[in-house]
Structure formats: structure tokens, C-alpha cells
Amino acid sequence: MASSSETHEMTARTRELDLLVVGAGFGGIYAVYRARQMGLTVRAYEKADGVGGTWYYNRYPGARCDVESIDYSYDFSDELQQEWVWTEKYAGQAEILAYAEHVVDRFDLGRDIQLSTLITRLDYDDDRCRWNVETNRGELILARWVLLAPGLLSVPKVPPFPGLDAFRGEWHQTSRWPKEPVDFEGKRVAVIGTGSSGIQTIPVIASEAAHLTVFQRTPNFSIPARNRPLTDEERRRVKATYAERRRYAWRSGGGLPRAPAFESAADLEEDELEHELQSRWDIGGLDFLYQIRDFRTNLESNARIAEFVRRKIREVVDDPTVAEMLTPRGYPFGAKRPCFDTNYWATFNRQNVELVDVNASPIVNFTEHGLRTSDRECEFDIIVFALGFDAYTGAILDIDIHGRDGRSLREYWADGARTYLGASVAGFPNLFLIAGPGRPVNAGLMHHEHAVDWAMGLIEHARQNELVEVEARPEAEDEWDRRIEEAAQLTVYPKVKSWYWGANIDGKPRKFLVLLQGFDVYQEIARQEAEQEYRGFTLRTSANAAVMAGT
Ligand SMILES: Cc1cc2nc3c(=O)[nH]c(=O)nc-3n(C[C@H](O)[C@H](O)[C@H](O)COP(=O)(O)OP(=O)(O)OC[C@H]3O[C@@H](n4cnc5c(N)ncnc54)[C@H](O)[C@@H]3O)c2cc1C
């Protein structure tokens with residue numbers, strides 16, 4: 001890592017780079033690796049004091065991967081995947097963070113990663129065809145290319161309740177969890193939010209706290225992860241066939257080595273379907289998700305799976321009133337991101353756990369000793385917010401980005417994010433997005449590898465053809481927008497306004513943010529784009545001349 005003395009020295013001078021990377025999560029780390037391989041001068045700037053992004057920040061008890069560890073890892077180095085030992089089927093936060101740190105050390109990437117540095121502003125210099133980049137440390141960096149990897153789920157939703165300042169106890173956000181463990185023993189604790197992070201942390205906190213009150217707005221579908229240690233034999237088997245497993249994942253719709261077992265629930269008789277659902281439920285995790293292909297496009301298939309999960313909640317939760325409160329209704333299974341849990345429903349059978357429906361009893365404000373809902377006052381020692389994120393666009397728009405002719409990205413995206421291929425934005429030349437809006441749903445690290453490789457392919461193309469600028473064309477963006485909207489309309493996603501629509505953030509434009517056409521389809525489109533010499537881009541050999549595809 002760049003030392004603090006080096007950092008001080010750098011503030012006094014201007015640095016020039018071929019490629020500047022924003023963020024050192026899994027996306028940024030791989031970008032540094034690839035850029036260095038290509039012989040580019042590269043530096044990633046990371047606002048945290050460590051690498052790992054998501055897994056650096058989300059240290060809350062119970063934080064864990066939903067994708068099997070052996071797949072939630074890089075594919076770019078076979079030595080790396082052969083060496084690294086995952087201990088559990090679904091790795092916990094600490095192990096994933098250790099993996100990210102290991103990758104940085106193993107490939108000596110730290111010397112090109114500058115920590116504790118926030119990128120605050122990017123200005124495109126039209127005449128010099130380069131980006132002027134500012135940091136919170138007063139540095140100025142001049143970069144030919146910029147790659148934005150600031151995270152898709154990295155800006156937490158701010159607790160929107162009045163009076164939080166008055167609260168005298170401790171409060172924490174799951175996504176900004178302190179490095180020191182939080183001691184819940186003997187404490188009265190509140191968890192606000194029952195999305196993925198809430199569902200992971202609630203059982204763990206419940207087992208430690210004296211009393212836990214869970215404030216729920218929307219009940220979620222959750223599937224038991226059935227996490228367990230991996231055996232030596234399993235690890236050996238995976239390592240012997242890793243290449244094959246990865247090849248399969250690259251060709252898949254989800255970026256994971258999985259394919260649904262059945263096309264539609266309609267293909268199965270009632271008892272067959274019940275048997276299949278039960279057997280996958282018993283395996284848990286993604287196996288349950290990957291069984292009926294059309295559950296996200298066919299409401300009938302969807303309803304049968306949804307009803308199965310609802311029944312499971314009723315089977316586990318003793319109190320029928322609580323079971324009903326926990327049961328998701330009114331939106332299809334999978335239209336919001338499904339959660340994966342360890343003992344979530346059973347937690348509500350504990351004597352020390354209470355569930356509050358904030359639709360019936362909205363939180364009014366915080367007080368010195370806790371919070372007030374519309375019908376009562378509650379006292380807490382610790383409050384935990386698990387409120388979700390300003391997904392996909394939050395971290396990008398936190399940076400003040402000005403493209404050609406000073407165009408502001410915040411203004412350009414005022415009615416919703418627009419990109420071409422999720423990789424580039426018209427009016428913002430030589431700038432790549434690698435995990436922002438407009439891409440397939442991210443699962444595993446292959447999406448990051450693909451996004452970085454594709455951007456590097458375009459940089460290489462520019463190098464070979466002496467191009468100074470590449471810029472997405474507005475018409476290509478229009479077409480991409482239509483594709484995203486049309487693909488979403490074929491699915492159950494429009495049936496609920498989730499964070500995929502920006503609906504969890506007040507004032508955020510409601511526009512669908514991901515491409516629901518599968519990773520395999522996306523890769524093919526991106527491959528053709530490159531093969532056809534980037535037809536969706538304007539390519540320039542000097543600041544004012546347009547050549548090749550965009551002329
Ligand atoms: C709790 C949780 C669980 C998840 N589980 C899964 C899972 O099971 N499977 C899965 O596929 N995905 C999961 N994800 C999604 C996860 O975010 C991605 O898998 C992946 O880790 C994202 O990597 P990234 O590099 O794109 O972004 P991040 O890991 O978010 O890293 C971005 C980095 O950029 C830095 N940064 C942001 N803005 C700036 C700036 N202006 N200047 C400098 N630095 C900046 C941030 O500090 C951060 O370190 C999960 C996310 C969360 C929050």
C-alpha cells in the first residue's frame with residue numbers, strides 16, 4: 001500500500017497516469033492487475049483505509065456471501081484458485097476480506113493502490129482529451145482513462161428518522177460496521193430493516209442480546225442457506241475441475257455454474273413440484289433458486305414457488321400472527337432480491353425477540369433512550385440500521401463528474417441513469433463504468449472480470465489505432481435504454497418497486513437499473529461490439545476529428 005509519507009509527498013505534485021481507477025473492491029483490484037499486465041501506468045484510489053470494498057465495510061455479525069465461496073472468487077489466475085482455501089460453503093465477511101487482501105499482496109498490487117483517498121471530482125479536458133481528477137487530499141491527477149469501480153451497493157441509505165442525534169445509546173449501520181466487535185450481551189437492541197443484511201444479522205444478534213426488537217416494513221422471501229464447512233474432499237474435487245466449472249459459469253445466464261433443472265413449474269405435476277421444491281429447499285441457497293427457469297417470467301410458476309416459501313414460514317414460526325406478519329404478499333418471489341439466511345424464521349420463536357410492523361406502527365422519531373412509534377415508546381441500548389443502499393448510481397453520483405463541455409453527470413442522469421452497455425456514457429469520453437447501472441444482475445466476480453477485460457480491450461484498440469478518444473453514441477444509449485426497459489417488462493420485476501428501480505431512495509428517479517437478459521447474452525453483445533470495431537462509439541484520432549465507427 002502507498003505509505004502515508006508517500007501520500008503526503010504526492011499532495012505536493014501532480015501525477016499523470018494512463019488509467020485512474022476509483023475504488024479498490026474486487027472490481028478495482030482486478031483493474032489494477034489487468035492494467036499493469038497491459039503495461040499501463042495505473043493507480044487505484046480508495047477512500048477506505050483498506051481494500052475489499054463491500055467486505056471491508058460490511059462487518060456486521062452474520063455477514064456472508066450468498067454465492068458459493070468457490071464461485072465468489074477470481075478466475076483470472078489458476079494458481080490463485082488452486083492455492084486459496086475456502087473453509088465454508090458460503091464464506092463469511094472476514095474470510096472474503098482476507099481473500100481480497102491476499103490477492104492484493106500475492107500480485108503485489110498494493111503499490112498501485114492509494115488508500116484513505118476519496119476521489120471528489122472528475123473534469124474532462126476536451127482539448128487535451130484527458131481527465132483532471134481531484135481528491136480530498138488536494139491532489140490533482142491527469143489521466144487518459146478513468147475506470148469507475150466505486151461499488152453498486154456501497155452508499156448506505158441514510159437513516160431517515162428525525163431525532164437520531166438525541167439518542168444516547170450506540171447506533172450502527174450494517175454497512176459501516178466498526179472494526180471492533182459490538183457487544184450485545186445483556187443489551188436491549190433494535191434492528192431496523194429486514195432486507196438481506198437485516199436477515200443475516202438478526203439471528204446472530206438475537207442469540208447474544210437480552211432483547212431484540214425487529215422493525216419490519218416489507219417481509220422478504222428468504223431461503224435457508226444451509227451453510228456448512230467444506231470438506232477436504234469437496235475442495236479437492238472442485239480444484240480438479242475448476243477450469244470446467246468456470247467455463248460453464250462464463251456461458252451461463254447468471255455468471256455462476258448453474259442451470260435451472262426445469263423450464264417451468266407447469267411441466268410438473270403438483271406432487272412432483274412439491275418433491276422438487278422440498279429437495280432443493282433441503283439443500284438450500286442458490287440450489288432452490290436455480291430449479292424452475294421461468295419463475296421470473298411466468299406468474300403462475302412464480303405463484304407456486306412463492307406459496308411453497310410462504311408455507312415454510314408458517315411451518316417454522318410458532319405464533320400464527322407473527323408468521324403472517326413475516327409472510328411476503330402482494331409481490332412475486334424474486335421480484336425483489338431473494339435473501340438467504342441461517343435460522344431467520346426460527347429466530348422469531350425466541351422469547352427475547354419481538355417483531356414490529358412499521359406499516360401499522362410507523363417510527364415517528366428517536367428519543368434520548370430509544371424511539372417512538374405511532375403507538376408506543378421503546379427503550380434501547382443499541383440500534384442497528386439495515387436500510388439498504390443507494391444502489392448502482394449512488395457512489396458514481398457522489399463524485400462530481402463533468403464530461404465534454406463541462407456536462408454534469410448528475411444533470412445528465414437527473415431523469416435516471418443512461419449508459420451504453422452499462423460501460424460508457426455519451427458525453428463522458430474515455431470513462432468506463434464496471435459495475436454500475438445497465439449491466440446484468442451481478443453475481444460472483446466474473447462480472448467484474450468481464451467488465452474490466454472489455455474496457456481494457458477498448459483501451460488496447462485505441463492504443464493500436466492511435467485514438468485519443470472513445471465515447472458512447474447517444475443513439476446507442478437510446479437503444480440500450482430500450483433494451484433494458486423491454487427486458488424488464490417481460491419479467492416479474494415491474495410488479496414491485498424495489499431498489500432495482502431506485503424506489504428505496506427518496507427523490508431518486510424511478511428507472512430500471514439492470515439488464516435482465518443474462519450474463520451470457522450480455523457477453524455476446526459486448527463481444528460483437530468489439531468485433532464490429534465499436535460501432536456504438538465515436539472514435540477520434542484527435543480532439544475534433546471523428547473517425548471510424550462514429551463518423
Ligand atoms: C452485504 C453485501 C453482501 C453481498 N453479497 C454478495 C454475494 O453474495 N454475491 C455477489 O455476487 N455479490 C454480493 N454483493 C455485491 C458486492 O457488492 C459485489 O459482489 C462486489 O463485492 C462489488 O465489488 P466492487 O468492486 O464493484 O464494489 P465495492 O466492493 O463496493 O467497492 C467499491 C470501493 O470503492 C470505494 N469508493 C467508492 N467511491 C469512492 C470514491 N469517490 N473515491 C475513492 N474510493 C471510492 C469504496 O470505498 C469501496 O471500497 C453483496 C453486497 C453487500 C453490500
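Owing to the predicted nature of the structure, the values given are computational and were not obtained by experimental measurement. Read the numbers this way: they start at 1 and go in the same order the structure lists the ligands and their atoms.
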- Query: Are Tyr72 and Trp55 an aromatic pair by the rule of ring centers under 6.0 Å?
  - Reply: yes
- What about Phe107 and Tyr74, are their ring centers closer than 6.0 Å? no
- Task: Considering the heavy atoms of Gly53, write down every atom of ligand 1 situated less than 4.0 Å from one of them.
- Result: 28 (P), 29 (O), 31 (O), 48 (C), 49 (O)
- Task: Flag atom 14 (N) of ligand 1 as yes if some protein heavy-atom distance to it falls below 4.0 Å, otherwise no.
- Result: no
- Part of Cys65 within contact of ligand 1 (heavy atoms, under 4.0 Å): both
- Between Arg36 and Asp18, is there a side-chain N and carboxylate O pair less than 4.0 Å apart? no
- Item | Nearest non-hydrogen protein atom, atom 26 (O) of ligand 1 | His448 NE2, 2.8 Å
- Within a distance under 4.0 Å of any heavy atom of Gly444, pick out the atoms of ligand 1 and give their elements. 10 (C), 11 (O)
- Task: Report, in ascending order of atom number, the atoms of ligand 1 lying under 4.0 Å from any heavy atom of Ser154.
- Result: 30 (O)
- Message: Could you tell me, atom by atom, which parts of ligand 1 come under 4.0 Å of a heavy atom of Ala149?
- Response: 32 (C), 33 (C), 34 (O)
- Backbone or side chain, does any N or O of Arg64 fall under 3.5 Å from an N or O of ligand 1? no
- Report yes or no: is the cationic atom of Arg280 (NZ for Lys, CZ for Arg) under 6.0 Å from the centre of the six-membered ring of Phe288, at an angle within 45° of the ring normal? no
- Task: Only heavy atoms count here, so choose which of Trp177, Phe26, Tyr72 is nearest to atom 19 (O) of ligand 1.
- Result: Tyr72
- Item | Cation over ring face, Arg407 and Tyr412, 6.0 Å, 45° | yes
- Message: Does the Lys NZ or Arg CZ of Lys336 fall within the cation-pi geometry relative to Tyr331 - under 6.0 Å from the ring centre and within 45° of the axis?
- Response: yes
- Query: Quick one: does Tyr90 get a heavy atom under 4.0 Å from ligand 1?
  - Reply: no
- Item | For atom 34 (O) of ligand 1, closest protein heavy-atom neighbour | Gly23 CA, 3.2 Å
- Query: Going by the order shown, which atoms of ligand 1 are within less than 4.0 Å of some heavy atom of Pro150?
  - Reply: 32 (C), 34 (O), 37 (C), 38 (N)
- Query: So, does Ala443 sit close enough to ligand 1 that a heavy atom of it is under 4.0 Å from the ligand?
  - Reply: yes
- Query: Relative to the ring of Tyr344, is the ring of Phe348 parallel (under 30°), tilted (30 to 60°) or perpendicular (over 60°)?
  - Reply: perpendicular
- So which protein heavy atom does atom 33 (C) of ligand 1 come closest to, and at what separation? Glu46 OE1, 3.4 Å
- Using a 4.0 Å heavy-atom threshold (strictly under), name the region of Ile399 that reaches ligand 1: side chain, backbone, both or neither. side chain
- For this output row, return yes or no: ring centroids of Phe389 and Trp499 closer than 6.0 angstrom. no
- Residue part near ligand 1, for Asp66, under 4.0 Å between non-hydrogen atoms: both
- Which bit of Asp398 is near ligand 1, meaning a heavy atom under 4.0 Å away: side chain, backbone, both or neither? neither
- Query: Hey, are Arg258 and Asp287 close enough for a salt bridge, meaning a charged N less than 4.0 Å from a carboxylate O?
  - Reply: yes
- Message: Can you confirm if the aromatic rings of Phe333 and Phe295 lie within a centre distance of less than 6.0 Å?
- Response: yes
- Note on the structure: Exactly one of Gln93, Gln200, Glu95, Glu88 clears side chain to side chain donor-acceptor pair (under 3.5 Å) with Arg64, and that residue is Glu88
- At a non-hydrogen distance cut-off of under 4.0 Å, which region of Tyr56 contacts ligand 1 (side chain, backbone, both, or neither)? neither
- Item | Nearest-neighbour protein heavy atom for atom 25 (O) of ligand 1, which is reported as residue plus atom name and distance | Gly27 N, 2.9 Å
- Item | side chain to side chain donor-acceptor pair (under 3.5 Å) contacts touching residues 213-224 (sequence neighbours left out) | Ser222-Asp341
- Which part of Gln200 is near ligand 1, with near meaning a heavy atom under 4.0 Å away: side chain, backbone, both or neither? neither
- What protein heavy atom is closest to atom 50 (C) of ligand 1, reported as residue, atom name and distance in Å? Thr54 CG2, 4.0 Å
- Parallel, tilted or perpendicular for Tyr60 and Trp177, by the 30°/60° rule? perpendicular
- Is Tyr60 touching ligand 1 with its side chain, its backbone, both, or neither, if touching means heavy atoms under 4.0 Å apart? side chain
- Take the angle between the ring planes of Phe519 and His450 and call it parallel below 30°, perpendicular above 60°, tilted in between. perpendicular
- Task: Could you check atom 44 (N) of ligand 1 against the protein and tell me its nearest heavy-atom contact, residue, atom and distance included?
- Result: Lys47 N, 3.1 Å
- Query: Is the number of heavy atoms from other residues, nucleotides or ligands within 6.0 Å of CG (Asp506) greater than 12?
  - Reply: no
- Does Arg251 make a cation-pi contact with Tyr248 (under 6.0 Å, within 45 degrees of the axis)? no
- Message: Considering non-hydrogen atoms of the protein only, which is the closest contact for atom 27 (O) of ligand 1, and what is the distance?
- Response: Gly151 CA, 3.1 Å
- Task: Could you list which atoms of ligand 1 come closer than 4.0 Å to a heavy atom of Val67?
- Result: 8 (O), 9 (N)
- Sub-4.0 Å heavy-atom contact, Val155 with ligand 1: no
- Query: Considering only heavy atoms of Phe389, which atoms of ligand 1 have at least one such atom less than 4.0 Å away?
  - Reply: 53 (C)
- Item | Residue and atom name of the nearest protein heavy atom (relative to atom 42 (N) of ligand 1), distance in Å to one decimal | Ile119 N, 2.9 Å
